[in-house]
Amino acid sequence: ATWMKTHLENDRELVQGLKGEPFYLITKVDTIKDFALGAVCTHLGCVVPWNRAVNKFCCPCHGSQYDENGTVVRGPAPLPLSLAHVATTDGKMLLSPWPETDFRTGLKPWWS
């Protein structure tokens, strides 16, 4: 509930996630998505910022772009952004590994 008071729909918040890696939490109308996106570009490892104006993650290093779910829409990045599960417990958001099939590609996750 506290999160929703300070975040708008479609906000992306960079947080420290699994093993200290950066992840984005994504705010929906009245909650957050049940997955977080890894913030590291799959090309050369740059942190990719969210560009609200174009509704994409855009890597400033070599121009890779990812859609709102982390799927590559422009290379040279070869793979989608990694995923983690998000759960809310006692008002805190917890990230956990995503070992299941990647819902965006239908393939095993490359990051596990």
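Here, residue 1 is the first one in the sequence, and each next residue gets the next number. Computation of the quantities below employed the complete heavy-atom set of this structure, encompassing side-chain atoms and omitting hydrogens, waters and symmetry-equivalent molecules.
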Which residue pairs satisfy the disulfide (SG to SG under 2.5 Å) criterion with at least one member in residues 24-112, sequence neighbours excluded? Cys46-Cys61
Which heavy atom of Val48 sits nearest a heavy atom of Tyr24, and at what distance? O-OH, 2.7 Å
Decide whether Val47 and Leu44 are clustered together by the hydrophobic rule: side chain heavy atoms of Ile, Leu, Val, Met, Phe, Trp, Tyr closer than 4.5 Å, transitively. no
Just by modelled atom types, is the Leu81 backbone N or O under 3.5 Å from a matching donor or acceptor in the Trp111 side chain? no
Heavy-atom closest pair (Thr42 atom, Pro80 atom, distance to 0.1 Å) is CG2-O, 3.3 Å
Output yes when a side-chain donor or acceptor of Asp102 lies under 3.5 Å from a complementary backbone atom of Arg104, and no otherwise. yes
Nearest heavy-atom neighbours spanning Gly70 and Leu37: N-CD1, 3.7 Å
Taking the side chain as every heavy atom from C-beta outward, state whether Asp11 and Arg52 have any atom pair closer than 4.5 Å. yes
Any sub-3.5 Å donor-acceptor pair from Arg12's side-chain atoms to Pro49's backbone N or O? no
Where is the tightest heavy-atom contact between Leu18 and Ala84, given as atom of each residue plus distance? CD1-CB, 3.8 Å
Please examine the side chains of Glu68 and Asn55, heavy atoms only from C-beta on, and report whether any two atoms are closer than 4.5 Å. yes
Going by heavy atoms in the side chains, are Lys33 and Asn69 under 4.5 Å from each other? yes
Heavy-atom closest contact (Leu83 atom, Phe23 atom, distance): C-CE2, 4.1 Å
Identify the two heavy atoms, one from Thr101 and one from Trp98, that lie closest to each other, and give their separation to 0.1 Å. O-NE1, 3.3 Å
Can you find a heavy atom in the side chain of Leu95 that is under 4.5 Å from one in the side chain of Leu25? yes
Does Val40 reach the side chain of Glu21, with side-chain heavy atoms less than 4.5 Å apart? no
When you group the ILVMFWY residues by side-chain heavy-atom contacts below 4.5 Å and let the links chain together, are Leu107 and Phe35 in the same group? no
